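Just below is one structure, and these are the notes that go with it.
Computed from a predicted model, the values in this text were never measured in an experiment.
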Amino acid sequence: MNGKHQRDPDGAVRDWREVADTSVLLDGFHAIKHALRFGALIPSALTSDRAAVLALADELAPDVKDALDALVVQVPDSALRALVPRLHPTGVAALAVRPSRTANLDALGRMPRTAPVVVLDDPRNLGNAGAVIRLAAGFGATGVVTTGTLDPWHPTVVRGGAGLHFATAVERMDVRELPPGPVFALDAEGEDIRALKLPDDAVLAFGSERSGLSTQLRERADHLVSLPMRPQVSSYNLATSVGMTLFHWSAGRPPGAEA
């Protein structure tokens, strides 16, 4: 057992409080697992049951077990819940350093790109934004950009993204600052996506759940694209639309090609 595990729980709680205001909350085993896999710097991780967390790692993610063993400190359940009131059922939480905005903007703006950027135009639902980031990471998208007021690093978004913010570039930008590349904006009046091949450097833009594309984004679009939909069905969930579009992009790539 290393020295960190032997520290008193009060010290671990003090360390958490010192960095909490400037860190990203990773709520639950799966968020911590993904963050570790994609190189996140995690200064603090707490649980009320270390043995259970390490057993979960044995079962689901043996590749990160050693990192978790060196990182996670056991504290009383009451102390943990005072720090994380909506504690994940897996009973573990961590704090991570947010990636550099400069590095993320460099990644989003670098050309040529081997995978699209997803743009959520003024999204309103935190859970939907998290689900989109999880999808984008899974497909190997270059990144996810949000416009408007929603913070894509809000704890609820990070929870919905299962820690995969660290697997792709996630930032908030103004429409006029969007990354380079042809903008394909999803719109019911657009051309059927099945007739198109989406390029790797595409910027794939999706309107808000309630009001669709903003006028500013629509004017920026190079192409309006629609998803196949049965008549009288009004819309798809935002994450579903993103998943369908990214799948269409990936299906047009050579087998075995990686973003």
Side-chain angles (χ1 to χ4, degrees), residues 24-40 42 56-57 59-64 67 88 90 94 96 98-99 103-104 107-108 110 112-121 123 125-146 150-172 179 181 184 186 193-194 196-207 209 225 227-228 236-259:
V24 176
L25 176 64
L26 300 174
D27 192 10
F29 176 84
H30 300 291
I32 299 169
K33 168 191 73 178
H34 284 137
L36 285 171
R37 284 176 174 169
F38 291 98
I42 299 177
L56 202 57
E59 179 184 357
L60 300 177
D63 57 305
V64 300
H88 191 273
T90 53
R98 178 168 171 170
N104 275 346
L108 290 164
R110 194 175 302 129
R113 278 198 303 269
T114 58
V117 171
V118 172
V119 174
L120 303 183
D121 186 27
N125 185 287
L126 296 166
N128 277 346
V132 167
I133 291 165
R134 188 172 185 173
L135 276 166
F139 276 101
T142 294
V144 176
V145 170
T146 64
L150 183 143
D151 177 8
W153 285 88
H154 185 283
T156 302
V157 182
V158 177
R159 182 172 180 145
L164 284 164
H165 284 60
F166 294 90
T168 191
V170 178
E171 290 295 338
R172 179 166 51 183
F184 290 77
L186 276 288
I193 196 171
R194 292 171 291 186
L196 299 173
K197 177 177 171 60
L198 298 175
D200 292 345
D201 62 356
V203 176
L204 305 175
F206 301 82
E209 299 89 342
V225 181
L227 295 170
Y236 294 120
N237 171 271
L238 177 60
T240 300
S241 296
V242 174
M244 292 171 69
T245 304
L246 286 174
F247 180 82
H248 180 79
W249 162 72
S250 69
R253 308 185 85 225
E258 294 186 3

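- The minimum heavy-atom distance between A96 and A40, with the atom names listed, is CB-CB, 4.5 Å.
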Do F166 and I42 pass the side-chain contact (heavy atoms from CB on, under 4.5 Å) test, and can you show the C-alpha distance, the side-chain angles, and the key distance before you say yes or no?
-> CA-CA 12 Å; F166 294 90; I42 299 177; over 6 Å; no
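- Going from atom OH of Y236 over to atom CG of L186 covers 11.0 Å, rounded to the nearest 0.5 Å.
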Passes side-chain contact (heavy atoms from CB on, under 4.5 Å), D151 versus V157? Steps please.
-> CA-CA 8 Å; D151 177 8; V157 182; over 6 Å; no
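- No more than 12 heavy atoms of other residues, nucleotides or ligands sit less than 6.0 Å from atom CZ of R134.
- In this structure, the side chains of V203 and R113 come closer than 4.5 Å at one or more pairs of heavy atoms.
- Between F139 and P116 there is no side-chain heavy-atom pair separated by less than 4.5 Å.
- Here the closest non-hydrogen pair linking A61 and K33 is CB-CD, 3.6 Å.
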Can you list the steps and then say if F206 with V132 is a side-chain contact (heavy atoms from CB on, under 4.5 Å)?
-> CA-CA 11 Å; F206 301 82; V132 167; over 6 Å; no
For the pair E171 and L108, evaluate side-chain contact (heavy atoms from CB on, under 4.5 Å) and give the outcome as yes or no after the intermediate values.
-> CA-CA 9 Å; E171 290 295 338; L108 290 164; 4.2 Å; yes
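- Partner of V118 under the side chain to side chain contact (heavy atoms under 4.5 Å, CB included) criterion, out of I133, V145, L246, T168: L246 alone.
- Between the side chain of W153 and the backbone N or O of H165, no donor-acceptor pair lies under 3.5 Å.
- Contact detail for F29 and T90: the closest heavy-atom pair is N-OG1, 2.9 Å.
- Proximity of a side-chain donor or acceptor of D27 to a complementary backbone N or O of H88 within less than 3.5 Å is detected.
- Here the CZ atom belonging to R172 is positioned 7.5 Å from the CG atom belonging to L150, to the nearest 0.5 angstrom.
- In this structure, H154 contributes its side chain and L126 its backbone to no donor-acceptor pair below 3.5 Å.
- Minimum heavy-atom separation, L238 to G207: CD1-O, 3.9 Å.
- Residues T142 and A107 share a closest heavy-atom pair of CG2-O, 3.6 Å.
- Taking each heavy atom of P228 and M244 in turn, the nearest pair found is O-CE, 4.4 Å.
- Not a single donor-acceptor pair under 3.5 Å links the side chain of H30 to the backbone N or O of A162.
- Going from atom CD of E59 over to atom CG of L56 covers 6.0 Å, rounded to the nearest 0.5 Å.
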